[in-house]
Student: 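Before I ask anything, let me first share the structure, which is written out below as C-alpha cells.
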4 protein chains.
Amino acid sequence: MSGINKVILVGHLGKDPEVRHLDGGVTVASFPLATSETYNKDGKRVEQTEWHNIVLWRGLAEVASKYLQKGKLVYIEGKLRTRSFEDKEKVKKYVTEIVAENFTMLGRKSDFEQSPSTTLSSSQHTEPKIDDEFTIHPSDENGDLPF
Amino acid sequence: MSGINKVILVGHLGKDPEVRHLDGGVTVASFPLATSETYNKDGKRVEQTEWHNIVLWRGLAEVASKYLQKGKLVYIEGKLRTRSFEDKEKVKKYVTEIVAENFTMLGRKSDFEQSPSTTLSSSQHTEPKIDDEFTIHPSDENGDLPF
Amino acid sequence: MSGINKVILVGHLGKDPEVRHLDGGVTVASFPLATSETYNKDGKRVEQTEWHNIVLWRGLAEVASKYLQKGKLVYIEGKLRTRSFEDKEKVKKYVTEIVAENFTMLGRKSDFEQSPSTTLSSSQHTEPKIDDEFTIHPSDENGDLPF
Amino acid sequence: MSGINKVILVGHLGKDPEVRHLDGGVTVASFPLATSETYNKDGKRVEQTEWHNIVLWRGLAEVASKYLQKGKLVYIEGKLRTRSFEDKEKVKKYVTEIVAENFTMLGRKSDFEQSPSTTLSSSQHTEPKIDDEFTIHPSDENGDLPF
DNA sequence: TTTT
DNA sequence: TTTT
C-alpha cells in the first residue's frame, strides 16, 4: 500500500556540496547538513547537533552546487532512503540519506549573493536561470550512487 | 543555531513493537515501519519499500506496545537521530533511527480493537488510560539505548 | 524573501469532489475534508472536527474526481491560500483554502476499488492512467476560481 | 476517527505580537506572518505573499511576546482552526487561523539579541527563562478568543 | 458534510 | 519484516 516518507529539515551546510557526474550524464550532489537542538540538562545549556547526509539529483544537484555553500542556512524537504554499500575492506555497510525533493534558501539575501531567494523543486519544468524561479525536473531518482 | 529536524511517516509496522526496560525504569520500544511507494518503470509497476527504525521512549513506548501491532497502519512524527554502536565483533557501526514524538493510528477501528482512535504524544501530561485520550509525558529522551 | 507554506492533512472527505471546467479548459476540483481530534474534557470524551476547503487544479483535479469519494481517508499535502470574493449581496468575504500539491489515498484497497493505491502529485509528467502511477503536471495554479 | 491537521510555516512577522489576557488569566498572542513565494510569469519575476493569522496560547504566547518582533524570521508549526465570530454589524464571519504548537526562531543570532536560539513548544514543562531552553505547557487551548 |  |  502507499505510504508517506517525508523529511523536513532546517539547518546549515557542514561543507560545500560535492558534485559527481555519473555515467549517462546524471548529476548528483551531496553534503552534510547540521540541525542543532538546545536543551537544558542539570541546569547547563547543552547543544546537540545531528548530522544528515543530503543527496540531490540532476537539476536539483546543479542548482545546489551553484547556490549552496558551507555555512548557509537552508530548508530541505525530501525522503529517507537507506542504502547498502561495500567499504574498501568489502564489508557491507548501511547509510541513511535524505534524498532532497526541494529546498529553499533561508537567511539574509547577502548570504546568497549571486542568487535570488527562491524555492528549488525536484519536480518541475523550466531549466534553472539566475534571477529566475529555479524549477527543475529530474526524471530518474533511482540511479545507483557510487559513494 | 537552532534548526528543524522533523520526520513524517505513514506506513505499516513490520513487526510487533519490541519493548525494553532500561536501568532506572525507562521504557523503550522499537519496531520497523515500512513506507511503500509505487511507480512505473518501462511500463511495469514497481513497488519500492523503505524500512525505518522507529524508537519510542517512556510513556509513548508503553502506549505503542499496548496498541500497535505488526501490520497496523500508523502516522508517526519524530526526529532523525544517528547513533554509533559496536557490533559483536567490536566493529563500530552506525544506525539512523526515527525517535517518535507522537503517533496516530490510522485505518479502521477494527484494526485497533482494544484501543480508541487517538493521537499519542510524547510531550503531554496525563497517564494513558483505555478509552481516554492518551497523553504522555517523557521527561528524558536522551538516555543511552543499549541495542 | 522566500518562505515555507506547507499543510499536511489526513482526514475524510465530507462530500464527493465537485469539478468545474473554467474558461480555457482548466479543471478545478474541490471538496471539504474533516480532520478530527479526540480529547478528554472533565472526564468526558470530546471529539472536535475541523473542516478544510481543499482545492485541486488541472490533472490533480481530474485524478481526484476519479478516485476520491465522500468518506474516503486521504493524506493531502498543499499550501494555504486566502482568497477574497463577493457573495450574492456584493459583500466582500474571505475564505482560506488548502491548494493541494499532492495526495495519497489511505485505507484499505477495497475503499478505492477502481484505483491503485498511489501518490498523486501536482508536479510530475505522465498523464493519469488506471493501474499506473498517477503523475500529473499542472502548469498554472494561479487562475482565478469563481466560487 | 483520528486525523492529522498540521501546518508548517517559515516566514516573517508582519507586526509585533499582540498580547491579550483573557478572563481567568489565560494569555493569548497573535500576529500576522508572511510567507512569500517567487515565480516567473511571462518572463517577469512575480512575488506572491500569503498572510497567515498566527495565534499562540498561554506560555507559548508569553515567550512569543518576549522574543518575536515585526520582521523576524520564524519557523512555526501548528494546526488549522476556522472560527466564526460576529463583526460590529452583527454579521457572522469566518476566519482561519494557525494555532501554533511550537516555533523556532531562525536567522542570525543578532536578530534575537535578548534570546537564545531555541525551539519553543506548547507542550512541555519548565517555565521559560532567558538563556535556557524554553519549554511551555498550556493545559487549555480550547478557550474562546474574543477577537 | 467525514470518520470512529 | 508491512501493506496492496
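Note: hydrogens, waters and symmetry copies are ignored here, and every other heavy atom, side chains too, is used. A, B, ... follow the sequence lines: proteins, then strands. Residue 1 opens every chain. Source: prediction; values computed, not measured.
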Student: Which nucleotide in the set F/dT3, F/dT1, E/dT1 lies at the smallest distance from any side-chain heavy atom of B/Glu47?
Tutor: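 For B/Glu47, the side-chain atoms sit closest to F/dT3.
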Student: Excluding sequence neighbours, so at least two apart, what forms side chain to side chain contact (heavy atoms under 4.5 Å, CB included) with C/Lys44?
Tutor: none
Student: Could you give the CZ-to-C1' distance, from C/Arg45 to E/dT3, as a whole number of Å?
Tutor: 12 Å
Student: Output the single nucleotide from F/dT1, E/dT2, F/dT2 whose closest atom is nearest the side chain of C/His12.
Tutor: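 The answer is E/dT2.
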Student: Quick one: list whatever passes side chain to side chain contact (heavy atoms under 4.5 Å, CB included) with B/Glu89, sequence neighbours left out.
Tutor: B/Asp87, B/Val91
Student: May I ask you to test the C/Val63-C/Phe103 pair for a side-chain heavy-atom distance under 4.5 Å?
Tutor: yes
Student: Rounded to the nearest Å, what distance is computed from the NE2 atom of residue C/His52 to the C1' atom of nucleotide E/dT3?
Tutor: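 From C/His52 NE2 to E/dT3 C1': 13 Å.
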Student: Measuring from the side chain of C/Pro32 (C-beta onward, heavy atoms only), which nucleotide among F/dT2, E/dT1, E/dT2 has the closest atom?
Tutor: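 The answer is E/dT1.
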Student: At under 4.0 Å between heavy atoms, what does B/Lys70 touch on the DNA or RNA strands: base, sugar-phosphate, or nothing?
Tutor: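 Answer is sugar-phosphate: B/Lys70 comes under 4.0 Å of backbone atoms only.
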Student: Roughly how many Å is it from CZ in C/Phe31 to P in E/dT1, rounded to a whole number?
Tutor: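 So the CZ-P distance, C/Phe31 to E/dT1, works out to 18 Å.
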Student: Expressed as a whole number of angstroms, how long is the span from C/Leu9:CG to E/dT2:C1'?
Tutor: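 After rounding, the reported distance stands at 13 Å.
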Student: Is any side-chain heavy atom of C/Lys72 closer than 4.5 Å to a side-chain heavy atom of C/His12?
Tutor: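 The answer is no; the side chains never approach within 4.5 Å.
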Student: Could you tell me how far apart B/Leu73 (CG) and E/dT3 (P) are, to the nearest whole angstrom?
Tutor: 17 Å
Student: Could you check whether B/Gly11 gets within reach of a base, just the sugar-phosphate, or nothing at all, counting any heavy atom under 4.0 Å?
Tutor: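 The residue B/Gly11 makes no contact with any strand.
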